[in-house]
Peer 1: 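Just passing along the structure, written as structure tokens.
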Amino acid sequence: MEHLGRDFFARDTLTVARELLAQRLVRVLDGERLAGRIVEVEAYVGEEDRACHARSGRTERNASMYGPPGHAYVYFVYGMHHCLNVVTEREGFPAAVLVRALEPLEGIEAMRSRRWPERGHVVSVVEGRGGRADVELLGGPARLCQALGIDRRFDGVDLCAPGAHLFVERAAAVPDEAVAAGPRVGVRGDGAALVAPWRFYLRDSRYVSRS
DNA sequence: GGATCGATCGGCT
DNA sequence: GCCGATCGATCCG
């Protein structure tokens with residue numbers, strides 16, 4: 001399978017976000033492939049975007065967003081969660097796409113045991129039986145990072161490098177009718193960028209983090 | 001199903 | 001000090 005290369009990411013962030021939908025995010029962990037289909041993303045674009053981490057300029061934390069496209073920007077929030085972004089546009093311009101949800105495809109048992117070390121092996125969608133539903137496995141930016149073993153060590157890592165342990169594989173594109181857009185999750189305020197429909201998701205996927 | 005709240009800590013106003 | 005691109009538990013209806 002073809003890995004998405006630098007040219008894919010070195011474009012307008014909204015375009016990259018839209019086109020990342022349906023592509024396959026792959027993490028190689030302990031020699032095993034963990035993978036999911038990207039079903040939900042959000043674009044964060046430049047210092048003028050008041051929801052973007054670069055809104056107050058460059059800092060040590062957001063430095064990766066100012067770096068070259070095709071690299072990861074991984075940050076730590078709420079004292080316990082990590083979130084994964086893919087850096088876009090040209091070096092020097094801070095922009096990225098947040099990966100918000102995946103449909104589980106490969107390495108599901110390994111991902112389950114990372115998310116639920118106690119009873120992760122119990123596969124059940126029935127409430128009260130100790131099992132967890134697959135929609136909870138990768139449905140959320142922090143959830144998918146936990147399942148894939150992604151933390152700050154991946155901040156700044158090149159997803160386009162040969163032998164990368166985290167990358168995106170090309171899959172068949174989806175038609176525009178399959179894509180929905182709306183305001184970004186957790187973004188509040190009345191600025192133009194704050195209400196912009198920069199969240200993209202597959203309309204019919206049951207794996208998006210919120211319907 | 002929806003609202004609310006606690007956890008937990010790094011970053012920056 | 002304050003708050004966050006979140007999650008999961010709990011309470012209510």
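Within every chain, numbering begins at 1; the chains are lettered A, B, ... in the order of the sequence lines, protein sequences first and strands thereafter.
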Peer 1: Are Tyr207(A) and Tyr201(A) linked, directly or through intermediate hydrophobic residues, by side-chain heavy-atom contacts shorter than 4.5 Å (ILVMFWY only)?
Peer 2: yes

Peer 1: Mapping Ala142(A) and Arg188(A) to their closest nucleotides on DNA chain C, which lands nearer the 5' end?
Peer 2: Arg188(A)

Peer 1: Does the cation-pi check pass for Arg184(A) over Tyr44(A), that is, NZ or CZ under 6.0 Å from the six-membered ring centre and within 45° of its axis?
Peer 2: yes

Peer 1: Is the cationic atom of Arg11(A) (NZ for Lys, CZ for Arg) positioned less than 6.0 Å from the six-membered ring centroid of Phe9(A) and within 45 degrees of its normal?
Peer 2: no

Peer 1: Touch check for Arg61(A), heavy atoms < 4.0 angstrom, all strands: base, sugar-phosphate only, or nothing?
Peer 2: sugar-phosphate

Peer 1: Below 4.0 Å from chain A heavy atoms, what is the first contacting nucleotide of DNA chain B and what is the last?
Peer 2: dA7(B) to dT13(B)

Peer 1: Take atom CD in Glu48(A); do more than 12 heavy atoms of anything else shown fall under 6.0 Å from it?
Peer 2: no

Peer 1: If you take any heavy atom closer than 4.0 Å to DNA chain C, which residues from residues 148-156 of chain A end up in contact?
Peer 2: none

Peer 1: CG of Leu98(A) versus C1' of dT6(C): gap in Å, rounded?
Peer 2: 11 Å

Peer 1: Sequence neighbours excluded, which residues qualify as side chain to side chain donor-acceptor pair (under 3.5 Å) partners of Arg153(A)?
Peer 2: Asp151(A)

Peer 1: Of the residues in residues 191-200 of chain A, which ones touch DNA chain C at a heavy-atom distance under 4.0 Å?
Peer 2: none

Peer 1: Could you go step by step and tell me if Tyr66(A) and Glu47(A) meet the side chain to side chain donor-acceptor pair (under 3.5 Å) rule?
Peer 2: CA-CA 10 Å; Tyr66(A) 289 79; Glu47(A) 296 178 349; 2.5 Å; yes

Peer 1: What orientation do His82(A) and Phe76(A) show, parallel under 30°, tilted 30 to 60°, or perpendicular over 60°?
Peer 2: tilted

Peer 1: Can you list, by residue number, the residues of residues 79-91 of chain A that have a non-hydrogen atom closer than 4.0 angstrom to DNA chain B?
Peer 2: Gly79(A), Met80(A)

Peer 1: What contact category does Ala51(A) fall into here, base, sugar-phosphate, or nothing, at under 4.0 angstrom with non-hydrogen atoms?
Peer 2: base

Peer 1: Under a single-linkage definition using a 4.5 Å side-chain heavy-atom cutoff for Ile, Leu, Val, Met, Phe, Trp and Tyr, are Val179(A) and Val86(A) assigned to the same hydrophobic cluster?
Peer 2: yes

Peer 1: Mind checking which stems touch DNA chain C? I mean at least 3 consecutive Watson-Crick or G-U pairs, both distances under 3.5 Å.
Peer 2: B:1-7 with C:6-12, B:9-12 with C:1-4

Peer 1: Tell me the interatomic distance from Arg210(A), atom CZ, to dA5(C), atom C1', rounded to whole angstroms.
Peer 2: 11 Å

